[in-house]
Amino acid sequence: VLTSQMMTLAHPIINAALGRSEGAIVQLAAYGVGFGTAVFLNSPLFPFQQIVTAMGVGPRARRDLIAKGLSLGAVICVVDLALAVTPLGRWLFSDVMGSTPAVTDLAQRILLVQAPIPLLLPLRSLCWGIIMRHRDTRLISLATGLRLACLAGFVFALAGRGLWPPAVVGGMAMTGGILVETVFSGLKA
């Protein structure tokens, strides 16, 4: 329950930082479009933790599952990159969704910095599935807390500092937080 509660906090934390930035409306809109698209694309990976928990008995089964999860993650990563760097993304965000040019540009950049996430999710889910099989779910809550702390520190430290647009910093914070969470989980699994 604690992990589920904490996972829902990532988006409001990023929104709180972006809402304080210059051009907050555009930054918030762009992050909503980019992140929302990424979450939709990543959604086939979400049940992977339960699959590993139920079916990941033994090293061979885990190898097979992670190969399948990473293959799907790679396909999603390619779709993210295609939307980020080709006219397909501009068409989707501008023509289909009706976003402004500024929001479209930032949403594409968010997809670019969040493109590694589909490769991290199966790895994190593998670790969490193993942890769940060992009934030490406290580690999952610790990992999620660590992700939120890193994400919040990063986004509040860098949003509005002029290095990158705040919405892109939000995307980088999410990716970095999931990376830290995945590494921590891997060390504990």
Side-chain angles (χ1 to χ4, degrees), residues 1-18 31-32 34-80 110-159 167-189:
V1 172
L2 181 60
T3 299
S4 296
Q5 289 291 302
M6 285 191 298
M7 289 188 111
T8 63
L9 288 175
H11 199 63
I13 288 170
I14 291 172
N15 284 349
L18 300 183
Y31 189 77
F35 179 73
T37 301
V39 168
F40 172 76
L41 293 172
N42 293 337
S43 64
L45 295 168
F46 296 160
F48 194 66
Q49 174 186 334
Q50 290 81 9
I51 293 168
V52 171
T53 303
M55 299 173 64
V57 180
R60 183 175 178 189
R62 290 182 190 134
R63 274 193 306 273
D64 290 345
L65 288 171
I66 198 61
K68 290 174 182 167
L70 285 174
S71 296
L72 179 57
V75 169
I76 295 169
C77 181
V78 168
V79 172
D80 284 345
I110 290 161
L111 280 180
L112 184 63
V113 299
Q114 290 189 336
I117 291 176
L119 299 173
L120 294 172
L121 292 178
L123 296 173
R124 181 189 71 186
S125 294
L126 174 70
C127 298
W128 284 10
I130 293 168
I131 289 168
M132 289 182 77
R133 288 194 63 77
H134 290 99
R135 302 192 193 302
D136 194 3
T137 56
R138 175 185 57 85
L139 290 173
I140 296 171
S141 293
L142 287 173
T144 304
L146 182 61
R147 170 172 53 121
L148 287 175
C150 291
L151 179 147
F154 189 89
V155 75
F156 279 103
L158 294 178
V168 174
V169 170
M172 293 165 69
M174 181 64 79
T175 303
I178 291 173
L179 175 62
V180 167
E181 180 181 49
T182 302
V183 170
F184 176 83
S185 299
L187 293 172
K188 298 296 183 179

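Rounding to the nearest 0.5 Å places OG of Ser141 at 12.5 Å from CG of Leu146. If you take NZ on Lys188 and CD1 on Ile130, they are separated by 15.0 Å, rounding to the nearest 0.5 Å. A distance of 9.5 Å separates CG in Leu9 from CZ in Arg147, rounded to the nearest 0.5 Å. Distance check, rounded to the nearest 0.5 Å: CG of Leu148 to OG1 of Thr8 gives 8.5 Å. Taking OH of Tyr31 as the start and CD1 of Ile110 as the end, the distance is 7.0 Å to the nearest 0.5 Å. We find the CG-CD1 distance between Leu119 and Ile178 to be 11.5 Å, quoted to the nearest 0.5 Å.
Closest approach of Met174 and Ala10 over heavy atoms only: CE-CB, 3.6 Å. Across all their heavy atoms, Cys150 and Val180 have their closest contact at SG-CG1, 3.7 Å. Annotation for Leu111 and Ala38: closest pair CD2-CB, 3.8 Å, computed over non-hydrogen atoms. Arg124 approaches Thr182 most closely through the heavy-atom pair CB-OG1, 3.5 Å.
Counting heavy atoms from C-beta outward, Pro118 and Leu45 have side chains that approach closer than 4.5 Å. With contacts defined as side-chain heavy-atom distances shorter than 4.5 Å, the pair Asp80/Leu41 qualifies. No side-chain heavy atom of Ile14 sits under 4.5 Å from any side-chain heavy atom of Phe154. Looking only at side-chain heavy atoms (C-beta outward), Leu142 and Phe184 come within less than 4.5 Å of each other. Using a 4.5 Å heavy-atom cutoff, the side chains of Ser185 and Leu139 are not in contact. Counting heavy atoms from C-beta outward, Trp128 and Thr144 have side chains that approach closer than 4.5 Å. In this structure, the side chains of Leu123 and Leu70 come closer than 4.5 Å at one or more pairs of heavy atoms.
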Take Val113 and Val168 through the side-chain contact (heavy atoms from CB on, under 4.5 Å) test and state the conclusion after the steps. CA-CA 7 Å; Val113 299; Val168 174; 4.1 Å; yes
Please assess Ile140 against Met132 for the test side-chain contact (heavy atoms from CB on, under 4.5 Å), listing each intermediate value before the final yes or no. CA-CA 8 Å; Ile140 296 171; Met132 289 182 77; 3.5 Å; yes
